[in-house]
Amino acid sequence: MLDITILRDSPDDIITMLHNRQQPEDEAKLRLLLEEDRERRRLVKESDELKSLRNRKSKEIAEIKKSGSGSTDALILEMQSVGTAIAEMDSRLTALEASMEDILLALPNRLHPSVPVGRSAEENEVFGEPVRFSHPLDFPLKNHLELGKSLGILDFERGAKVSGAGFPVYMGQGARLERALINFMLDSHTEKHGYKEVFPPFMVNRESLRGTGQWPKFSSEVYHMPEDELYAIPTAEVPVTNLHRGELLKAESLPISYAAYSACFRREAGSYGKDTRGFLRVHQFNKVEMVKFTRPEDSYQALEDIRGHAEAILKALEIPYRVLLLCSGDISANATKCYDIEVWSPAEDKYLEASSCSNFEDYQARRANIRFRRDAKSKPEFVHTLNGSGLATSRLMVSLMEHYQTPEGGIQVPEALRPYTGFSEITPPAQ
RNA sequence: GGAGAGGUGGCAGAGUGGUUGAAUGUGGCGGUCUCGAAAACCGUUGUGCGCGCAAGUGCACCGAGGGUUCGAAUCCCUCCCUCUCCGCCA
């Protein structure tokens with residue numbers, strides 16, 4: 001959520017941002033909001049003046065009744081009509097404020113000056129050099145589906161039977177490899193980079209979705225259990241960021257860094273037909289997420305740190321990847337700046353998104369009311385929130401399986417992962 | 001699922017219709033004392049919105065939303081949450 005004072009003071013900056021984000025149609029919403037804001041302030045003033053009058057007269061009534069020095073009937077009659085006028089005005093205010101909030105919740109975040117202006121994903125910038133790890137793959141390659149099936153470690157068919165398409169089942173060494181990845185990533189973040197481990201709930205209420213920005217705009221992406229008014233989390237970002245919703249944090253507790261594993265659930269409505277095979281698009285996947293709460297002046301350094309921590313996983317696993325700096329037309333509505341990390345899929349011959357690292361500045365903190373006090377004499381300020389996947393295992397698994405496949409049709413386990421798997425290679429079953 | 005208790009400021013905890021934005025304690029900040037600290041004592045200390053260059057000033061806020069009233073932390077209704085006991089259960 002944007003600060004309405006910024007909208008008032010520099011609406012042109014926000015309009016430029018809307019155009020850069022390829023959503024010029026929101027300009028009309030912004031103009032309506034500003035109009036409603038003026039009307040609201042006019043009404044507030046009038047209503048407050050009437051309330052002030054009522055407060056004064058009510059005190060008078062109390063004094064007259066106490067001293068028994070006269071009749072209060074006329075005053076009470078007068079205040080009855082004042083009360084009616086106040087109620088009428090306040091109900092108009094309530095409606096106006098509801099409309100303003102709808103617009104404010106729908107408007108996207110500002111953009112950081114370093115974000116390239118571009119229309120779509122094609123105009124994202126490659127950040128730094130793609131990282132390669134030499135690995136001879138000079139034999140006919142299998143893709144992750146073929147490998148998963150022939151090795152008996154992934155079972156999409158039975159997943160579809162049990163739940164539906166897009167719910168993969170990991171079997172045997174595949175399940176162990178998945179768990180090893182999760183443990184390895186959590187250990188890396190907590191032991192090397194100072195994150196505190198969190199194991200969050202996988203279902204949240206609507207307030208939490210609203211706090212991180214999935215509600216109301218992206219609610220169709222989220223599984224909903226209406227009987228209990230609960231939502232399956234699309235990412236651990238939601239429960240972990242909302243841990244501090246409504247809190248006034250101590251300045252010395254910042255920065256707060258959390259790392260959390262969770263399963264992630266996404267409806268992926270309307271995305272059929274594109275990149276849907278196997279792991280490329282699923283309804284349930286596993287992810288280790290990093291979440292940070294920082295002072296405003298520290299958030300952009302923290303974003304670089306998070307990106308580095310995600311990259312450290314891929315470097316340790318020796319999986320080829322590249323980093324993208326998302327352009328204004330592709331970056332998500334909540335973020336001011338975002339890096340995507342993409343792993344290389346040799347069999348698909350393309351990069352797959354495995355991580356997204358974002359700074360939200362105070363956009364989520366304002367929605368979720370997460371503040372801190374710089375020192376005893378200062379007013380509370382909103383913190384900045386950030387998060388990054390570190391990382392999602394499904395696309396990572398694709399890259400790992402394909403990148404580490406052997407000519408015999410097996411998969412070698414990366415060195416760093418072997419203490420976690422307890423085996424160094426997944427070998428094909430004997431014919 | 002059933003029964004009961006309760007949700008008040010950073011924290012603890014009074015307050016059941018009229019100077020209560022809210023006693024008191026504690027924590028924070030400033031000061032006195034001290035070589036310094038502790039203790040003691042004195043002062044100060046909520047958030048949001050509106051108006052204002054500012055000093056300031058008006059309004060709102062005692063879990064959330066409604067209602068009664070000239071006036072609500074206080075009375076009524078609905079909902080949410082926490083705790084205790086019972087039942088069921090991994």
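All values below come from the heavy atoms of this structure, side chains included, with hydrogens, waters and symmetry mates left out. Just so it is clear: chains get the letters A, B, ... in the order the sequence lines come, proteins before strands, and each one is counted from 1.
Rounded to an integer number of Å, the gap from A:D48 CG to B:G50 P is 10 Å. When the C1' atom of B:C59 is taken as reference, atom NZ of A:K57 falls 18 Å away, rounded to whole Å.
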Check the pair A:F293 / A:H384 against ring pair (Phe, Tyr, Trp, His ring centres under 6.0 Å), numbers first and verdict last.
-> CA-CA 6 Å; A:F293 304 78; A:H384 281 192; over 10 Å; no
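Just one of A:T212, A:N205, A:V291 meets the side chain to side chain contact (heavy atoms under 4.5 Å, CB included) condition when paired with A:N242; it is A:T212. Checked options A:R295, A:R373, A:R374, A:R371; the residue passing with A:E381 is A:R374 (criterion: side chain to side chain donor-acceptor pair (under 3.5 Å)).
No side-chain donor from either of A:E425 and A:Y404 sits under 3.5 Å from a side-chain acceptor of the other.
With both ends at atom C1', the span from B:U68 to B:G1 equals 34 Å, rounded to whole Å.
Nearest to the side-chain atoms of A:L248 among the listed nucleotides B:G58, B:G10, B:G48 stands B:G10. For A:P380, the listed nucleotide lying nearest its side chain is B:U47; candidates were B:G58, B:U47, B:C70. Listed nucleotides B:C59, B:G50, B:U47 differ in distance to A:K45; the shortest reach to its side chain belongs to B:G50. Out of B:U47, B:G18, B:G50, the shortest distance to the side chain of A:R8 is found at B:G50. When each of B:C70, B:U47, B:C49 is scored by its nearest atom to the side-chain atoms of A:R40, the top-ranked nucleotide is B:C49.
Considering only side-chain N and O atoms, A:S58 lies nowhere under 4.0 angstrom from the phosphate OP1 or OP2 of B:G18. Listed pair A:R373 / B:G10 fails the phosphate criterion, with no side-chain N or O lying under 4.0 Å from OP1 or OP2. Here A:N55 reaches the OP1 or OP2 of B:A60: one of its side-chain N or O atoms lies under 4.0 Å away. Between A:R41 and B:C51 there is a side-chain polar atom (N or O) within less than 4.0 angstrom of OP1 or OP2.
Mapping A:K379 and A:S47 onto RNA chain B by nearest heavy atom places A:K379 at the nucleotide closer to the 5' end. For the pair A:K250 and A:A62, nearest-nucleotide mapping onto RNA chain B gives the more 5' position to A:K250.
As the counterpart of B:G4, B:C83 is assigned, both hydrogen-bonding distances of the Watson-Crick or G-U wobble pattern falling under 3.5 Å.
Across all strands shown, A:L75 has no heavy atoms under 4.0 Å from either base or sugar-phosphate atoms.
With salt bridges taken as basic N to acidic carboxylate O contacts below 4.0 Å, one links A:E304 and A:R307.
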